[in-house]
Number of protein chains: 2
Amino acid sequence: MTKHHPELSLLFHALADPTRRSILTRLAETPARVSDLSAPTGLRLPTVMRHLSVLEEAGLIATSKDGRVRTCVIVPEALEPVRTWLDEQRAIWEGRLSRLDAFAMKTMKERAE
Amino acid sequence: MTKHHPELSLLFHALADPTRRSILTRLAETPARVSDLSAPTGLRLPTVMRHLSVLEEAGLIATSKDGRVRTCVIVPEALEPVRTWLDEQRAIWEGRLSRLDAFAMKTMKERAE
DNA sequence: ATGATAGTTAGCTTTATGACTAAGCATCAT
DNA sequence: ATGATGCTTAGTCATAAAGCTAACTATCAT
């Protein structure tokens, strides 16, 4: 199960950078042009471009160009695999804890005998 | 809001590697020794060690040494910040969508007049 | 047609990652 | 006390990440 999920690696990697997360939260407000994203971060345009391409390859944003302006929008569904993975893990981890609980109960019972 | 959250960066970065995710799922089953984690991955011990230290610095696992054996256990609560961040983002994004909806409604109304 | 504007590409630098080998240290079994 | 076991440290290597500058292209306004 979950042998190797390149999609997840891309997503987590994209989210691991604070600049990229701040770009995402900015885009969550409203779509923005590349320069709009450059100004507040204090980063140069090419740097922002690189971040954007990482985000786009992860599927977290989509961009389109109109004239000389590129507009970036967020892609909310892109976070689904992350959420799903988290839910799966939680299920497994809680399952494990239940088993440990069961084991502890059994052990205590045996001791009590 | 969410200026720079080093904790999140550590977590996301730790989760971005498939080997580390597989170590986590393995540890979700039951605690394991370092060699137990080395065998199935086919990776050398020092490599596994490095992965473990990344996971530990992110707070995702805890380790303890008894004699010459180090045992690794998962730390389920460690995923909470990730889940929280996801929830926050979802809230913001949905907020944004509602606003867009409102805008669209207004525009349609104006057109209808 | 000129100049400003918006983005893009190319190339460079520094630091971090992920893997390895080889050698070291600390225990445990005999 | 010796050797095997289990982990650790040190050092190497190749590649990727994150930033920059400089130069280039494409569009829009005048």
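The figures here come from the full heavy-atom set of this structure, side chains too, leaving out hydrogens, waters and symmetry mates. Just so we're on the same page: letters track the sequence lines, and every chain starts at 1.
For the atom pair Ile23(B) CD1 and Asp36(B) CG, the distance stands at 11.5 Å (nearest 0.5 Å).
A distance-only check finds a donor-acceptor pair linking the side chain of Thr84(A) to the backbone of Glu80(A) [under 3.5 Å].
Inter-residue side-chain proximity for Leu15(B) and Val82(A) is flagged as unmet; no heavy-atom pair is nearer than 4.5 Å. Residues Asp87(B) and Arg90(B) meet the side-chain proximity criterion, which asks for heavy atoms closer than 4.5 Å. The shortest side-chain heavy-atom distance between Gln89(A) and Arg21(B) does not fall under the 4.5 Å cut-off.
Atom P of nucleotide dT8(C) and atom CG of Leu52(A) are separated by 9 Å, given to the nearest angstrom. Here dA17(D) presents its P atom at 13 Å from CG of Leu55(A), a figure rounded to the nearest Å. To the nearest angstrom, P of dT9(D) lies 6 Å from CE of Met49(B).
Taking the six-membered ring where tryptophan is involved, the planes of Phe12(B) and Phe12(A) are tilted, since the angle between them lies from 30° to 60°.
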note = Protein heavy-atom contacts under 4.0 Å, written 5' to 3' over nucleotides 25-30 of chain C as B (base), S (sugar-phosphate only) or - (none), form the string --BS--
message = I need a per-nucleotide contact map over nucleotides 15-21 of chain C, read 5' to 3'. Cutoff is protein heavy atoms under 4.0 Å; write B for the base, S for backbone only, - otherwise.
response = --SSSBB
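Within the structure, side chain to side chain donor-acceptor pair (under 3.5 Å) pairs that include any residue of residues 64-73 of chain A comprise Thr63(A)-Arg70(A) (at least two apart or interchain).
Side-chain contact annotation: Arg26(A) with Thr41(A), donor-acceptor N/O pair under 3.5 Å absent.
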